[in-house]
Amino acid sequence: MAAAGVALAALLVCSMAPAIAAEEEEASPDDPHAILKEMDANKDGKLTYAEMFDSVMGEDDDDGSEEFKEDFKNRLEKHFKASDENGDGFLEVEEIRKLVAAFSADAESEEEL
């Protein structure tokens with residue numbers, strides 16, 4: 001069940017970005033620019049852990065299982081910290097790209113099990 005939750009979390013992170021038309025082409029759902037635009041609540045051009053967690057999980061504590069939330073929280077903490085190359089507590093576009101890759105790798109490894 002946790003494996004399905006991890007895969008769902010990875011998909012949620014990747015799909016939070018809306019389809020943005022750019023010169024007649026839609027942006028990829030894992031495009032870090034689109035993710036930043038969608039999740040950046042204070043519009044400062046970078047993402048905090050809280051902005052990402054709230055965007056994926058929402059502020060409603062009744063959504064999703066506690067097991068899923070805890071698993072996602074642990075993975076986000078791990079991947080956020082690893083992706084935050086300069087250690088400033090914010091993810092910029094290139095760091096978001098690394099975070100997406102880490103969640104995608106999690107989903108792929110869970111699918112192999």
Side-chain angles (χ1 to χ4, degrees):
M1 182 149 172
V6 171
L8 178 60
L11 291 174
L12 284 171
V13 167
C14 293
S15 68
M16 287 303 297
I20 300 171
E23 299 179 13
E24 301 293 321
E25 293 182 28
E26 290 186 16
S28 170
D30 59 355
D31 173 28
H33 293 281
I35 292 170
L36 178 62
K37 184 175 181 175
E38 177 66 26
M39 293 184 172
D40 187 12
N42 64 1
K43 305 300 182 204
D44 65 353
K46 31 192 177 176
L47 293 178
T48 64
Y49 170 88
E51 285 174 323
M52 296 197 78
F53 186 82
D54 290 345
S55 290
V56 173
M57 299 306 297
E59 295 180 17
D60 185 0
D61 291 333
D62 293 334
D63 288 345
S65 74
E66 286 303 315
E67 179 183 357
F68 171 77
K69 283 183 182 182
E70 190 63 29
D71 186 55
F72 177 68
K73 177 182 174 188
N74 290 336
R75 289 175 190 269
L76 181 59
E77 286 174 358
K78 173 185 164 187
H79 295 319
F80 190 96
K81 184 176 181 178
S83 299
D84 184 13
E85 289 185 331
N86 61 7
D88 66 355
F90 299 96
L91 296 186
E92 297 175 19
V93 172
E94 284 307 312
E95 294 169 321
I96 294 168
R97 188 180 319 277
K98 291 177 187 205
L99 181 82
V100 170
F103 269 99
S104 295
D106 277 356
E108 289 173 13
S109 66
E110 292 293 330
E111 287 176 4
E112 292 175 4
L113 296 178

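Throughout, residue positions are numbered sequentially from 1 according to the sequence presented.
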**OP:** Tell me, with the steps shown, if Asn42 and Glu51 meet side chain to side chain contact (heavy atoms under 4.5 Å, CB included).
**Re:** CA-CA 9 Å; Asn42 64 1; Glu51 285 174 323; 3.1 Å; yes

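- Here the CD atom belonging to Glu70 is positioned 10.5 Å from the OG atom belonging to Ser65, to the nearest 0.5 angstrom.
- Within the 4.5 Å cutoff, the side chain of Tyr49 has no heavy atoms near those of the Lys81 side chain.
- In terms of modelled atom types and a separation under 3.5 Å, the side chain of Asp71 and the main chain of Arg75 share no donor-acceptor contact.
- When all heavy atoms are compared, the tightest approach of Pro32 to Val93 is CB-O, 3.5 Å.
- Using a 4.5 Å heavy-atom threshold, the side chains of Phe90 and Thr48 count as touching.
- Glu95 places a side-chain N or O within 3.5 Å of a backbone atom of Glu85 that can act as its donor or acceptor partner.
- Atom CZ of Phe103 sits about 9.5 Å away from atom NZ of Lys78, to the nearest 0.5 Å.
- Glu92 CD to Leu47 CG: the interatomic distance, rounded to the nearest 0.5 Å, is 10.0 Å.
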Subject >> Candidate pair Met39 and Ile96, rule side chain to side chain contact (heavy atoms under 4.5 Å, CB included), full reasoning >> reply: CA-CA 11 Å; Met39 293 184 172; Ile96 294 168; over 6 Å; no

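- Between the side chain of Asp40 and the backbone N or O of Asp44 there is at least one donor-acceptor pair closer than 3.5 Å.
- Below 30°, between 30° and 60°, or above 60°: for Phe72 and Phe53 the angle between ring planes is below 30°, a parallel geometry.
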**OP:** Evaluate the side chain to side chain contact (heavy atoms under 4.5 Å, CB included) criterion for residues Ile35 and Leu99: first the C-alpha distance (whole Å), next the side-chain angles of each, then the deciding distance (0.1 Å), finally the verdict.
**Re:** CA-CA 11 Å; Ile35 292 170; Leu99 181 82; over 6 Å; no

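- Between the NZ atom in Lys37 and the CG atom in Asp31 there is a gap of 11.0 Å [rounded to 0.5 Å].
- The two residues Ala34 and Ser28 have their closest heavy-atom pair at CB-O, 4.5 Å.
- Contact detail for Asp106 and His79: the closest heavy-atom pair is OD2-NE2, 2.6 Å.
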